[in-house]
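All values derive from a computational prediction rather than experimental measurement. Position 1 is the first residue of the sequence; numbering continues from there.
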Amino acid sequence: MYGFVPIIHIVAAVFAIIELGLIGYIVTPFTGPWWGPPSVESFLLFNSIWSLLVLAYVGLTPLYYTRVFHRLVSLAVEWITMIFWFAGAIALAVFWGSPHCGGNTYCGTVEAAIAFAFFLWALFLVLVVVDTFEAMRSRGHSTTTHQTPYVGA
């Protein structure tokens, strides 16, 4: 494992917590008995919580619970999380368009949430690339060839 990967895990966890707060603020006005937030915002709320769980699995499980850690499962959930962040960031940007906020804090919060969603996508993209190369490099190919003698008729 490369030395900068734990730093990326920590930065991604901090950004996921920031995104959770931003999206929580955005979703709050839509909570009511007969209506709910738009599905795009709910999806990003899910992404934030999902990312924290994935980062806990990928970052902490190999250190403390090695029996339940599997490199390919880790790689798969990182790929899924990267795709989720890309889809969520694009969907939120398309949903809100290009607002002119002025001094509106709610609008500024939406823009910050879009920016942090793209930051998280970029962080998970780096993690996916690094971990995919690491998994491909350490696939367990044997460097020695065993030749069996020819036993012919």
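Separation of atoms CD (Glu78) and CG (Asp131) is listed at 4.0 Å; rounding is to 0.5 Å. Atom-to-atom distance recorded for Leu127:CG and Ser74:OG is 9.0 Å, nearest 0.5 angstrom. Here the CH2-CG distance, from Trp50 to Leu53, works out to 7.5 Å after rounding to the nearest 0.5 Å. Distance check, rounded to the nearest 0.5 Å: CG of Leu55 to CD1 of Ile8 gives 11.0 Å. The CG atom of Leu20 lies 6.0 Å from the CG atom of Leu45; values are rounded to the nearest 0.5 Å. Considering CG of Leu75 and CE of Met136, their distance stands at 10.0 Å, rounded to 0.5 Å.
Among the candidates Phe86, Trp85, Phe15, the single residue satisfying the ring pair (Phe, Tyr, Trp, His ring centres under 6.0 Å) test with Trp121 is Phe86.
Counting heavy atoms from C-beta on, the side chains of Glu111 and Trp96 never come closer than 4.5 Å. Looking only at side-chain heavy atoms (C-beta outward), Asn47 and Glu19 stay at 4.5 Å or farther from each other. Within the 4.5 Å cutoff, side-chain heavy atoms of Phe124 are placed close to those of Ser51.
The two atoms that bring Leu44 and Ala117 nearest to each other are CD2-CB, 4.4 Å, heavy atoms only. Pairing each heavy atom of Val27 with each of Glu41, the nearest pair is CG2-CB, 3.9 Å. The heavy-atom pair separating Ala113 from Leu92 by the smallest distance is CB-CD2, 4.2 Å.
Using modelled atom types, one side-chain atom of Tyr106 and one backbone atom of Ile26 make a donor-acceptor pair closer than 3.5 Å. A donor-acceptor contact shorter than 3.5 Å links the side chain of Thr109 to the backbone of Thr105.
The ring of Phe84 has its center closer than 6.0 angstrom to the ring center of Phe43.
For CZ of Phe119, the number of neighbouring non-hydrogen atoms (other residues, nucleotides, ligands) closer than 6.0 Å is 12 at most.
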